[in-house]
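Worksheet for the structure shown next.
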Number of protein chains: 2
Amino acid sequence: MKPDPSPVRREIQQGRPFRSPADEAAVALMRTTDLLRTALSGIVEPAGITLQQYNVLRILRGSSPEPLPTLEIAHRMIEHAPGITRLLDRLEAKQLVRRQRCREDRRQVHCWITPAGLELLERLEEPVHGEVQRGFARLSVADDQRLLALLDLLRAGIRDDPM
Amino acid sequence: MKPDPSPVRREIQQGRPFRSPADEAAVALMRTTDLLRTALSGIVEPAGITLQQYNVLRILRGSSPEPLPTLEIAHRMIEHAPGITRLLDRLEAKQLVRRQRCREDRRQVHCWITPAGLELLERLEEPVHGEVQRGFARLSVADDQRLLALLDLLRAGIRDDPM
DNA sequence: TCGAAGTAATTGACATATCAAGTAAAGAGC
DNA sequence: GCTCTTTACTTGATATGTCAATTACTTCGA
């Protein structure tokens with residue numbers, strides 16, 4: 001009797017087994033994140049911002065009332081974002097952030113979150129948190145921490161592999 | 001003495017702690033996947049295709065020599081892809097897939113991978129597998145399986161939460 | 001203090017993604 | 001066989017992402 005293919009293999013209807021557990025975990029990782037992103041986008045986008053824009057607002061709230069220079073925001077983002085300037089253009093157009101060229105170093109542009117931005121974040125806080133809680137409902141707190149530890153290891157491995 | 005902030009918190013320079021372990025794991029998940037995607041894109045894109053296109057080619061190789069209808073490919077993709085038609089347009093332009101309207105059901109369009117597509121996949125096979133192995137080098141096989149199990153649980157939770 | 005090198009951010013050209021509407025064919029019900 | 005619904009895409013409009021080149025400013029080093 002054939003062994004049951006794993007959940008990931010069933011989901012993507014892959015006939016052959018994966019070449020290694022790491023390959024299977026890599027696919028599972030991307031699928032899972034895609035699902036999570038889709039779920040969170042579904043909460044954040046009705047409010048008129050993308051998940052990345054939401055992330056930028058949270059970063060700016062974190063430093064507020066201090067401003068952050070543009071590229072510092074890019075560095076702190078969850079997902080690598082080369083289009084940071086235009087992303088900020090859009091947030092500024094929606095009046096959710098304010099920008100001003102820095103006086104001490106005139107190459108930099110400082111960004112702040114506006115009161116409207118703070119208010120929007122506040123409105124989204126509970127729904128986003130709730131969605132994450134529901135998504136993770138089947139994992140215990142210990143599971144969350146195991147997952148976290150594995151992901152930390154993985155990031156360390158990906159980063160210092162010579163690409 | 002202050003407790004050391006977790007790796008994720010240090011990476012995104014977040015001052016305040018996360019609201020729950022699940023929230024922190026969600027951020028870690030997105031960061032980790034972004035890193036992995038970037039690393040894999042770095043291997044696949046020099047060959048002239050995106051990671052999503054690579055994924056489509058692998059799906060078509062999986063079913064080859066049988067063709068797959070367009071939307072069936074979309075269903076099997078790792079990452080949800082509404083732009084499947086144009087994605088296939090690009091692969092067809094590169095002569096990596098071939099399409100033909102289905103005779104039995106003329107609404108469907110059948111897609112095959114071409115010999116050039118198969119050859120490209122073969123060239124990328126080792127580098128991609130190698131990159132995954134190196135990235136996962138710090139995790140044991142048992143770790144890979146733990147990670148996989150946690151991700152399977154998580155996907156199940158995200159899917160049947162009423163969004 | 002002058003030029004070379006480095007940084008911070010912007011811009012332009014182009015590729016890709018997203019969403020809503022449209023088209024064509026198949027199937028279901030009478 | 002004739003409408004109605006559903007399915008399987010396709011298309012157009014628009015937003016967003018990506019990469020390379022450019023501008024403006026600072027810093028470093030002789």
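Put simply, the residue from B:R58, B:K94, B:R90 that forms a side-chain hydrogen bond (donor to acceptor under 3.5 Å, both in side chains) with B:Q53 is B:K94. Partner of A:W112 under the side chain to side chain contact (heavy atoms under 4.5 Å, CB included) criterion, out of A:R98, A:E66, A:R99: A:R98 alone.
Residues from residues 79-86 of chain B with heavy atoms under 4.0 angstrom of DNA chain D, sorted by number: B:T85, B:R86. The stretch residues 93-110 of chain A touches DNA chain C through A:R99, A:R107, A:Q108, A:V109, each having a heavy atom under 4.0 angstrom from the strand.
You can see that DNA chain D meets the heavy atoms of chain A within a 4.0 Å-exclusive cut from D:dT16 to D:dT26, reading 5' to 3'.
Rounded to an integer number of Å, the gap from CG of B:L87 to P of C:dT16 is 9 Å. For A:R90 and C:dA17, the CZ to P distance is 15 Å, given to the nearest whole Å. To the nearest angstrom, C1' of C:dA15 lies 14 Å from CG of B:L91. Regarding A:L88, its CG atom lies at a distance of 13 Å from the P atom of C:dT11, rounded to whole Å.
Taking the side chain as every heavy atom from C-beta outward, A:L124 and A:I49 approach each other to under 4.5 Å.
Residues that satisfy the salt bridge (charged side-chain N to carboxylate O under 4.0 Å, His left out) test with B:E119, not counting sequence neighbours, are absent from this structure. Scanning for side chain to side chain contact (heavy atoms under 4.5 Å, CB included) contacts around A:A137 gives an empty result, with sequence neighbours left out.
Between the A:S63 side chain and the A:L68 main chain, no donor and acceptor come within less than 3.5 Å of each other. Looking only at distances, no side-chain donor or acceptor of B:N55 sits under 3.5 Å from a matching main-chain atom of B:Q52.
Counting non-hydrogen atoms of other residues, nucleotides and ligands closer than 6.0 Å to CD of A:E125 gives a total above 12. Other residues, nucleotides and ligands contribute only 12 or fewer heavy atoms inside 6.0 Å of the CD atom of A:Q95.
Nearer to the 5' terminus of DNA chain C, by closest-nucleotide assignment, is the contact made by B:Q53 (compared with the other of B:Q53 and A:E45).
Salt-bridge formation is not detected for the pair B:R31/B:D34: no Lys NZ or Arg NE/NH1/NH2 atom is positioned less than 4.0 Å from an Asp or Glu carboxylate oxygen.
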Only pairs under 3.5 Å count here: list side-chain donor-acceptor contacts from residues 78-88 of chain A, not counting sequence neighbours, and write none if there are none.
{"from": "A:E79", "atom 1": "OE1", "to": "A:R37", "atom 2": "NH1", "distance (Å)": "2.5"}
{"from": "A:E79", "atom 1": "OE2", "to": "A:R37", "atom 2": "NH1", "distance (Å)": "2.7"}

